[in-house]
K.L.:
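My structure is below; once you've seen it, I'll send some questions.
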Number of protein chains: 2
Amino acid sequence: MIAAIFSVNWAIYRMNTLEKIQTNLSNFSKSERKVAEVILTSPQTAIHASIATLAKMADVSEPTVNRFCRRLDTKGFPDFKLHLAQSLANGTPYVSRHVDEDDGPDSYTNKIFESSMAALDAARQSIDPMAINRAVDILTQAQQISFFGLGASSSVAHDAQNKFFRFNVPVVCFDDVLMMRMSCINATAGSVLVLFSHTGRTKALVEVARLARESNAQVISITAKDSPLARESTLAVTVEVPEDTDMFIPMASRLAHLTVIDVLATGFTLRRGPRFRDNLKRVKEAIRESRFEKPANL
Amino acid sequence: MIAAIFSVNWAIYRMNTLEKIQTNLSNFSKSERKVAEVILTSPQTAIHASIATLAKMADVSEPTVNRFCRRLDTKGFPDFKLHLAQSLANGTPYVSRHVDEDDGPDSYTNKIFESSMAALDAARQSIDPMAINRAVDILTQAQQISFFGLGASSSVAHDAQNKFFRFNVPVVCFDDVLMMRMSCINATAGSVLVLFSHTGRTKALVEVARLARESNAQVISITAKDSPLARESTLAVTVEVPEDTDMFIPMASRLAHLTVIDVLATGFTLRRGPRFRDNLKRVKEAIRESRFEKPANL
DNA sequence: CACTTTTTCGTAAATTAACTACATTAAAGA
DNA sequence: TCTTTAATGTAGTTAATTTACGAAAAAGTG
């Protein structure tokens with residue numbers, strides 16, 4: 001049995017022309033189906049061909065090709081090619097994005113990269129920029145920022161620490177529940193905690209959020225919408241990621257959370273103004289001597 | 001002064017038609033520049049217009065438009081429209097993906113997500129699937145896997161550890177040079193080290209790679225092409241990421257490296273066969289009781 | 001089963017768009 | 001100022017797409 005071991009439901013966010021052809025295959029007439037099959041087998045050829053060449057390839061007449069295009073809600077053949085070209089540009093030559101048992105390295109590499117990109121696209125659309133803005137507000141006013149994450153999210157927290165450390169802000173990062181709890185007890189009104197959790201259902205982390213709020217600290221969570229963690233936070237930046245349901249390891253959510261960190265960091269530097277960014281330059285220069293010089297001609 | 005504070009150099013990995021027009025603006029003749037400006041201001045209109053309409057909009061003759069298309073290495077006007085359509089499809093309605101001083105939360109959120117997606121796309125195209133395949137070969141035969149990363153790459157190494165730990169393989173992870181060096185001394189022929197470095201020029205890490213090889217360990221590096229680290233490794237999985245040159249923090253490279261981890265992990269599970277994936281299921285079930293139950297209707 | 005109706009499909013003509021060749025104009029250099 | 005070269009437009013040619021119509025096939029109907 002060949003099982004799809006991880007899948008991303010692409011249909012959720014984009015009804016690509018190529019897919020449209022695939023799904024409507026049964027609704028087409030006999031001749032139109034011939035056209036559809038020629039296009040599906042070599043879409044790259046199709047977009048560069050004239051209506052005459054395509055008709056000959058499908059062994060139908062030119063008007064049939066034209067009617068086929070119109071049936072797909074396009075103005076005509078040139079317009080159809082435009083739509084098709086856009087589908088292809090998105091790097092989805094496959095209709096299905098499942099990784100299968102018998103996929104080769106080339107195939108699964110592409111599929112995973114494409115799934116990741118798709119997940120980021122979905123995440124982007126689900127994020128509320130106003131939440132980002134409020135989060136930046138809170139972060140800029142923080143006296144100390146703590147980043148917390150457990151399991152797969154611990155690396156996300158580490159990354160956030162690394163980033164904000166360069167901003168010359170007091171930062172800490174914990175991936176250990178006991179340390180988190182201790183840290184919460186000592187938190188003050190000027191403390192800001194940023195908690196990362198894909199599900200927002202990790203009991204220990206929700207408890208940490210509650211503890212922190214009892215110490216009057218601000219709690220920002222980067223997590224799922226309507227989750228217990230989101231409810232327990234001062235501000236929830238909710239991210240919807242189409243996580244691969246069959247795979248047993250979270251993949252796409254980390255990427256989305258890391259990108260949210262980048263967005264927050266960007267908002268942070270913008271808020272602080274140009275003078276502040278000189279700091280970053282100095283930090284970067286400080287690491288330079290630990291590196292091998294890059295050849296000048298590159 | 002409104003400065004672009006971080007930019008992604010798109011030109012490196014994709015000469016997007018829209019950018020090509022933008023950058024070559026000065027090389028065009030007077031009339032051609034008129035055409036360029038019309039296209040840049042409303043590319044969406046341009047792809048649906050005929051050569052006659054476009055000529056009228058730019059207030060030039062039709063052959064001028066045609067010559068303009070040819071100058072951009074296309075076969076003619078229809079071919080040009082195809083290329084332009086593909087540029088637009090990649091989610092780049094803007095010509096520039098720079099974050100500006102005066103960008104609002106909505107704007108910079110979108111720009112950063114799009115840059116990240118673009119970076120993943122570039123990375124995907126630059127990766128050699130055969131290198132991935134060899135890396136999977138080496139990893140599946142490892143007696144022990146060590147993940148090393150310094151600075152911004154340390155969170156990448158942590159993530160890799162988290163992922164491979166679930167595979168029930170002996171894994172360690174260090175983000176500290178001294179520990180890395182000690183670990184290298186004790187390495188054996190069955191040891192596999194995976195080193196992450198965006199630049200591949202961090203002196204300490206290159207030295208670690210050399211030490212490990214002296215102990216007959218296998219060294220896989222996820223890094224830049226033709227870098228000192230790549231040369232010092234048994235196998236280099238090279239990833240080209242268009243890193244933002246003006247920003248002082250690496251952003252896109254982590255995402256690309258994390259995705260490479262996902263790809264390697266996928267290859268690993270595929271190689272191990274379906275029976276092996278039961279392990280993953282059990283690991284996942286083991287964490288379940290630490291979570292709040294999700295409502296059934298969701 | 002014959003006949004009607006509807007759908008499908010192709011031929012040929014018409015229209016539209018794109019391209020080429022050439023002439024004219026503008027710009028640059030001598 | 002004249003010559004040369006590059007740039008642009010006009011008009012004509014060619015190619016491509018679309019429309020109109022009619023034949024054939026399929027699906028109903030008495």
K.L.:
Mind running a 4.0 Å heavy-atom check of residues 69-78 of chain A against DNA chain D and sending the residues that fall below it, in number order?
P.N.:
A:Arg70, A:Gly76, A:Phe77, A:Pro78
K.L.:
Distance check, rounded to the nearest 0.5 Å: B:Met117 atom CE versus A:Phe113 atom CZ?
P.N.:
13.5 Å
K.L.:
So, B:Arg271 and B:Asp137, do they make that salt bridge, N to O below 4.0 Å?
P.N.:
yes
K.L.:
Could you tell me how far apart B:Ile51 (CD1) and D:dA11 (C1') are, to the nearest whole angstrom?
P.N.:
15 Å
K.L.:
In the structure I gave you, are the side-chain heavy atoms of B:Tyr108 and A:Val136 within less than 4.5 Å of one another anywhere?
P.N.:
yes
K.L.:
Between atom CZ in B:Phe68 and atom C1' in D:dA7, what is the gap in whole Å?
P.N.:
16 Å
K.L.:
Would you call the rings of B:Phe68 and B:Phe28 parallel, tilted or perpendicular, taking 30° and 60° as the class edges?
P.N.:
tilted
K.L.:
What is the distance from CD of A:Glu32 to C1' of C:dT7, rounded to the nearest Å?
P.N.:
11 Å
K.L.:
Over 60° means perpendicular and under 30° means parallel, so classify the ring planes of B:His83 and A:His48, tilted if in between.
P.N.:
tilted
K.L.:
Please determine whether a side-chain nitrogen or oxygen atom of A:Ser31 lies at a distance below 4.0 Å from atom OP1 or OP2 of C:dC9.
P.N.:
yes
K.L.:
If I take atom CZ in residue A:Arg67 and atom P in nucleotide C:dT8, what distance separates them, rounded to the nearest angstrom?
P.N.:
10 Å
K.L.:
Check the distance between D:dA16's C1' and A:His48's NE2 and give it to me in whole angstrom.
P.N.:
17 Å
K.L.:
Kindly compute the distance separating CG (B:Asp128) from CD1 (B:Ile132), expressed to the nearest 0.5 Å.
P.N.:
8.0 Å
K.L.:
Using the salt bridge (charged side-chain N to carboxylate O under 4.0 Å, His left out) rule, collect all pairs that involve residues 26-54 of chain A, keeping only residues at least two apart or in two chains.
P.N.:
A:Glu32-A:Arg71
K.L.:
Flag the pair B:Thr223 / B:Thr199 as yes when at least one side-chain heavy-atom distance between them is below 4.5 Å, and no otherwise.
P.N.:
no
K.L.:
What are the residues of residues 53-66 of chain A, sorted by number, that bring a heavy atom to within less than 4.0 Å of DNA chain C?
P.N.:
A:Val60, A:Ser61, A:Pro63, A:Thr64
K.L.:
Measure the distance from CZ on A:Arg33 to P on C:dT8 and round it to the nearest whole Å.
P.N.:
11 Å
